[in-house]
Amino acid sequence: MNRFLQLHMLTNYPAANPNRDDAGRPKQTVMGGYTRQRISSQSLKRAWRTSDAFADALSGEIGWRTRELGIGVYRTLLESGMPEKKANDAATLIAGVFGKVKPRDKKTESEGKPYRGPTIEQLVHVSPAEREAVDTLATNLSETRELPTTEQLNLLRKGRTAADIALFGRMLAKNPDYNVEAACQVSHAVSVHAVTIEDDYFTAVDDLRSAKRDDEDAGAAHIGETGFATSLFYKYICIDRHQLVENLGGDEELAKRAIGALVEAAATVSPSGKQNAFGSRTRASYILAETGDQQPRSLVLSFLRPVRDVSSNGYHWEAARALERQRDAFDQAYGPCADQWVKMNAGIDGTSEPVGSLQEIINFARS
């Protein structure tokens, strides 16, 4: 198995706002002196990790990101009849294995808000094996009515990690021994051409009021604006397949399933931002997959100079041609940057028939 799998994708989004900034407008960046639309890697990974593609291929191997691990333990112990203070102490010890626990907010409780249990200060990514160990320990403590021992707490982190944790990594500042080095790196997706963010002016009509045509207040009950842009994005993904197998305890079959799920999700799943308003569900129109032991390299340099529709073939053809031209230039300068490659081209460029398929890309990535 070659160490590195690299994926280069072109995906077109029509008028859309799949990933917003703090002002609600499409995220942007400047590259090559031109404004580009951007989709953050965090947004992409979240969409893939929670997709049906992951759920179907990796059932039982996907983790949870939560701060409320101790709350479930606290509730279980209370329901068993354990005194409230002891239940809270036990749940705090268990939650503390995964992260720093927030101090109990006495002021909020004095105002009438019920105490739910210990909460971890930061989100922690927990594997199914770790979740099962926590639930088992909580059940045992509900029977013994004792606080967990140091030995019992140490056993909570001994299970195999989840497939998504193995891919995207995990960092625990409080317990660095349980950090997981990500086997997959994902770039921020950027438009291959310059963009101008536009504004959609919209209104909402009061149906009952507007039905009264003689009412002087008939018409819009709300007026607003939302930003959007139309972009062809370049996405780059690099998977260290040796690291992935190591993260999964040597389980090569699970690693192959995880790679297949990631490729399918990356090609077919879009971030959920403003989906109801724009219906921006789209799929990759071009994928170049490469394997080899050579040092990985992105091909984003292909688009440092913005793609322009300089021919009748359109943006997609120009972008695909620029990407392959940059790949060939790197090979000439450094020698072959990959041992094998395969591509899929489903874009409409008016000059050629579609090439390859997603299943061929998946089979290649898993091999």
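A donor-acceptor contact shorter than 3.5 Å links the side chain of Gln6 to the backbone of Arg297. With hydrogens and angles disregarded, a donor-acceptor distance shorter than 3.5 Å links the side chain of Thr230 to the backbone of Ala15. Not a single donor-acceptor pair under 3.5 Å links the side chain of Thr29 to the backbone N or O of Arg36. Remark: side-chain polar atoms of Arg283 are not paired, donor with acceptor, to backbone N or O of Ala267 under 3.5 angstrom. One N or O on the side chain of Arg145 and one on the backbone of Ser142 form a donor-acceptor pair closer than 3.5 Å. Judged by distance alone, the side chain of Lys27 and the main-chain N or O of Ser40 form no donor-acceptor pair under 3.5 Å. No donor-acceptor pair closer than 3.5 Å links the side chain of Ser187 to the backbone N or O of Ala189. With Asn247 contributing its side chain and Ala166 its backbone, the two residues share a donor-acceptor pair below 3.5 Å. Counting only distance, with no hydrogens or angles, the side chain of Arg366 and the backbone of Lys256 share a donor-acceptor pair below 3.5 Å. Between the side chain of Ser367 and the backbone N or O of Phe364, at least one donor-acceptor pair lies under 3.5 Å.
Rounding to the nearest 0.5 angstrom, the gap separating the CG atom in Asn2 from the CG atom in Asp293 is 5.0 Å. Rounding to the nearest 0.5 angstrom, the gap separating the CG atom in Leu93 from the OG1 atom in Thr150 is 8.5 Å. Residue Leu156 holds its CG atom at 12.0 Å from CD of Glu132, rounded to the nearest 0.5 Å. Note that CG of Leu10 and CE of Met344 are 9.5 Å apart. Values are rounded to the nearest 0.5 Å. One distance of note links CG of Asn12 with CG of Leu232; it measures 5.5 Å at 0.5 Å rounding. Here the CD atom belonging to Glu252 is positioned 10.0 Å from the CG atom belonging to Leu244, to the nearest 0.5 angstrom.
Taking both residues in full, the closest heavy atoms of Ser51 and Ala265 are given as OG-CB, 3.8 Å, listed atom of the first, atom of the second, then distance. Nearest heavy atoms, Leu167 versus Phe54: CD1-CZ, 3.9 Å. The shortest heavy-atom contact between Pro271 and Ser43 is CB-OG, 3.4 Å. Here the closest non-hydrogen pair linking Ala53 and Ala261 is O-CB, 4.0 Å. Smallest separation of non-hydrogen atoms from Gly70 and Ala91: O-CB, 3.6 Å. In terms of heavy atoms, Ser41 sits closest to Val186 at CB-O, 3.2 Å.
Residues Glu181 and Gln243 form a side-chain contact, since some pair of their non-hydrogen atoms from C-beta on lies under 4.5 Å apart. With a 4.5 Å cut-off on side-chain heavy atoms, Arg65 and Val126 do not count as touching. Looking at heavy atoms from C-beta onward, Val101 lies out of side-chain contact with Thr119 at the 4.5 angstrom threshold. Taking 4.5 Å as the limit, every side-chain heavy atom of His125 sits out of range of all side-chain heavy atoms of Trp64. In this structure, Arg241 and Thr291 have side chains that are in contact, with non-hydrogen atoms separated by less than 4.5 Å. The shortest side-chain heavy-atom distance between Leu69 and Glu130 does not fall under the 4.5 Å cut-off. Between Pro18 and Arg281 the shortest side-chain heavy-atom distance does not fall below 4.5 Å. Side chains of Leu288 and Leu299 form a contact here, defined as non-hydrogen atoms less than 4.5 Å apart.
Judged by a 6.0 Å distance limit and a 45° cone about the ring axis, Arg116 is not positioned over the six-membered ring of Tyr74. Figure legend: cation-pi geometry between Arg308 and Tyr34, with NZ or CZ positioned under 6.0 Å from the six-membered ring centre and within 45° of its axis.
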Q: Apply the test salt bridge (charged side-chain N to carboxylate O under 4.0 Å, His left out) to residues Asp105 and Lys113: give CA-CA distance (whole Å), side-chain angles for both, the deciding distance (0.1 Å), then the verdict.
A: CA-CA 10 Å; Asp105 191 347; Lys113 187 174 181 179; over 6 Å; no
Q) Would Gln28 and Ile197 count as a side chain to side chain contact (heavy atoms under 4.5 Å, CB included) if you check the C-alpha gap in whole Å, the side-chain angles of each, and the deciding distance to 0.1 Å? A) CA-CA 9 Å; Gln28 305 171 56; Ile197 305 300; 3.6 Å; yes
Q: Tell me, with the steps shown, if Gln294 and Asp339 meet side chain to side chain donor-acceptor pair (under 3.5 Å).
A: CA-CA 8 Å; Gln294 299 90 330; Asp339 293 332; 2.9 Å; yes
Q: Take Glu84 and Asn88 through the side chain to side chain donor-acceptor pair (under 3.5 Å) test and state the conclusion after the steps.
A: CA-CA 6 Å; Glu84 190 274 340; Asn88 185 62; 5.3 Å; no
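With respect to Glu290 and Arg327, no salt bridge is recorded, no charged nitrogen being found less than 4.0 Å from a carboxylate O. The residues Glu324 and Lys343 are annotated as salt-bridged, a charged nitrogen and a carboxylate oxygen being separated by less than 4.0 angstrom. One finds no salt bridge joining Glu246 and Arg3 here, because no Lys/Arg side-chain nitrogen approaches an Asp/Glu carboxylate oxygen to under 4.0 Å. At a threshold of 4.0 Å, the pair Lys45-Asp164 does not count as salt-bridged, since none of the basic side-chain nitrogens sits closer than that to a carboxylate oxygen.
The cluster map of Ile, Leu, Val, Met, Phe, Trp and Tyr, joined by side-chain heavy atoms under 4.5 Å apart, puts Leu358 and Leu58 in the same cluster. No continuous path of hydrophobic side-chain contacts links Phe98 to Ile62 [ILVMFWY only; heavy atoms under 4.5 Å]. Val300 is not connected to Ile237 by any chain of hydrophobic side-chain contacts under 4.5 Å among Ile, Leu, Val, Met, Phe, Trp and Tyr, and they are in different clusters. Taken together through direct or relayed side-chain contacts under 4.5 Å among Ile, Leu, Val, Met, Phe, Trp and Tyr, Met31 and Val195 form parts of separate hydrophobic clusters. Under the 4.5 Å side-chain contact rule for hydrophobic residues, Ile165 and Tyr178 do not share a cluster.
With sequence neighbours excluded, the residues forming a side-chain contact (heavy atoms from CB on, under 4.5 Å) with Ala90 are Leu77, Leu141, Leu147, Pro148, listed by chain and number.
The closest side-chain donor-acceptor pair between Gln42 and Asn19, if any, does not fall under 3.5 angstrom. Side chains of Ser302 and Gln326: a donor-acceptor N/O pair is absent below 3.5 angstrom, by distance only. Side-chain N/O atoms of His188 and Arg38 include a donor and acceptor closer than 3.5 Å.
Sequence neighbours left out, the pairs with a member in residues 2-27 that pass ring pair (Phe, Tyr, Trp, His ring centres under 6.0 Å) are His8-Tyr236, Tyr13-Phe233.
Under a cut-off of 6.0 angstrom, the local environment of CD in Glu143 is crowded, with over 12 non-hydrogen atoms contributed by other residues, nucleotides or ligands. The number of heavy-atom neighbours closer than 6.0 Å to OH of Tyr115, taken from other residues, nucleotides and ligands shown, is above 12.
Taking the six-membered ring for Trp and thresholds of 30 and 60 degrees, Tyr315 and His193 have ring planes inclined between 30 and 60 degrees apart.
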